[in-house]
Protein chains: 2
Amino acid sequence: MCGGVTRGAPYRHFPDKDSLLAAVATEALDRIAEQARAVRAEPRASPADKLHRALAVLMTVGRRQPHLYRLIYATPAGDPAAIHAASEAAEHAQDEFFAIVGDLVGAQHARRFAALLLTSAHGITDMEVNGHLSADKWRLTAEDLVSTLVSMIERQASGE
Amino acid sequence: MCGGVTRGAPYRHFPDKDSLLAAVATEALDRIAEQARAVRAEPRASPADKLHRALAVLMTVGRRQPHLYRLIYATPAGDPAAIHAASEAAEHAQDEFFAIVGDLVGAQHARRFAALLLTSAHGITDMEVNGHLSADKWRLTAEDLVSTLVSMIERQASGE
DNA sequence: GACCTTCAGATGACATTGTCATCTTAGCGA
DNA sequence: TCGCTAAGATGACAATGTCATCTGAAGGTC
């Protein structure tokens, strides 16, 4: 059971396992950035709606490909080139979210709120995926939490 | 290099590696709950201050014992008893935070905001620990983000 | 004190897995 | 046709999770 090839075959293409996984993460991040860009480009969606959809992209990865999701958010490892590529891809993806948040809250608040949204959405997704967000105890879904946060940020950004 | 004992010795006490790690996580969660309880019991600290300190407990674990931190937030594994114990401990720790948040925002908002704070604080810490919160790009510390969120929640809870 | 039980650690074995040196071979250009 | 090259196969080795078995120390019984 080696996916059709031998255990050692990948070492022809990657210096070690971590670098291979970093490459997988890089590709995933590129896809996420691409999807976020597509969301941002939608003509007939409100900025808030776009933000929700973009965050939903992340949460969907967490739910449907939890291993990939953990890979994306793990400390990048492997050879420096692989690490660098992964960090680049992560930054590009973050830039897309940053832009979407900026469209919603304006440039002055974008940095702070984009960072808060990205980190919070990750925490929410991660805890849900790992079973630390007991539906029984909290009676809140990941979407509830994201909505709460987005609404608060909208109010905050427009109110003052 | 086996910490003074042989590789197989722990199997006298735990059915498998995951169960041992779950027990380690359980103890850590108990300590965290204990610290949170102590913070809550401080007589001369404001509710907001207590919340900040309680969240700082979590962030400190992330920074000083990143492996332990990941263990705590990983999907619990091992034999059912170990998993159950870890889940219990996690719930107790969450209960302490829940109470502290309740002291700050009142009972009606406690559930929602406590869940948001716990998940967000985890996301912030996790991304910082794993190097996904580029200080260079965002120019924000984990503390900045937590403060932003706590302030927003305070305003939200008192304002309406 | 001799004897026995028990439990924790040691030992040695086995399977899995990350890694690598070496071998093989399909494909391709000279 | 010859020979190079790149990619996979093979076989080896080390680390590690796991377990069956052995050993020895501690304590209880007669």
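Quick caveat: nothing in here was measured; it's all calculated off a predicted structure. Below, chains carry the letters A, B, ... as their sequence lines are ordered, and counting in each starts from 1. Just so it is clear, the values below take in all heavy atoms, side chains as well, and ignore hydrogens, waters and symmetry mates.
- Contact check, A:Tyr11 against C:dT19: a side-chain N or O comes under 4.0 Å of OP1 or OP2.
- Nearest heavy atoms, B:Ala33 versus B:Ala93: CB-CA, 3.7 Å.
- Checked against C:dG18, C:dA10, C:dT22, the side chain of A:Arg12 finds its nearest nucleotide in C:dT22.
- Looking at the side chain of A:Arg7, the nearest of the listed nucleotides D:dA9, D:dA12, D:dT18 is D:dA12.
- Look at CG on A:Asp16: it is 5 Å from P on C:dT19, rounded to the nearest Å.
- In this structure, A:His92 has its ring center no closer than 6.0 Å to that of A:Phe98.
- The pair B:Lys137-A:Glu91 counts as a salt bridge, with a side-chain nitrogen and a carboxylate oxygen less than 4.0 angstrom apart.
- Spacing between atom CZ of B:Phe14 and atom P of D:dT16 amounts to 19 Å, rounded to whole angstrom units.
- For A:Ser19 (side chain) and A:Phe14 (main-chain N/O), no donor-acceptor pair under 3.5 Å exists by modelled atom type.
- Between A:His13 and the phosphate of D:dA6, there is no side-chain N or O to OP1/OP2 separation shorter than 4.0 Å.
- Comparing A:Pro10 and B:Pro15 along DNA chain D, the residue whose closest nucleotide (by nearest heavy atom) sits nearer the 5' end is A:Pro10.
- Comparing B:Lys17 and A:Ala9, the nucleotide of DNA chain D nearest to each residue sits closer to the 5' end for A:Ala9.
- Computed from coordinates, the A:Asp79 CG to C:dT19 P distance equals 12 Å when rounded to whole Å.
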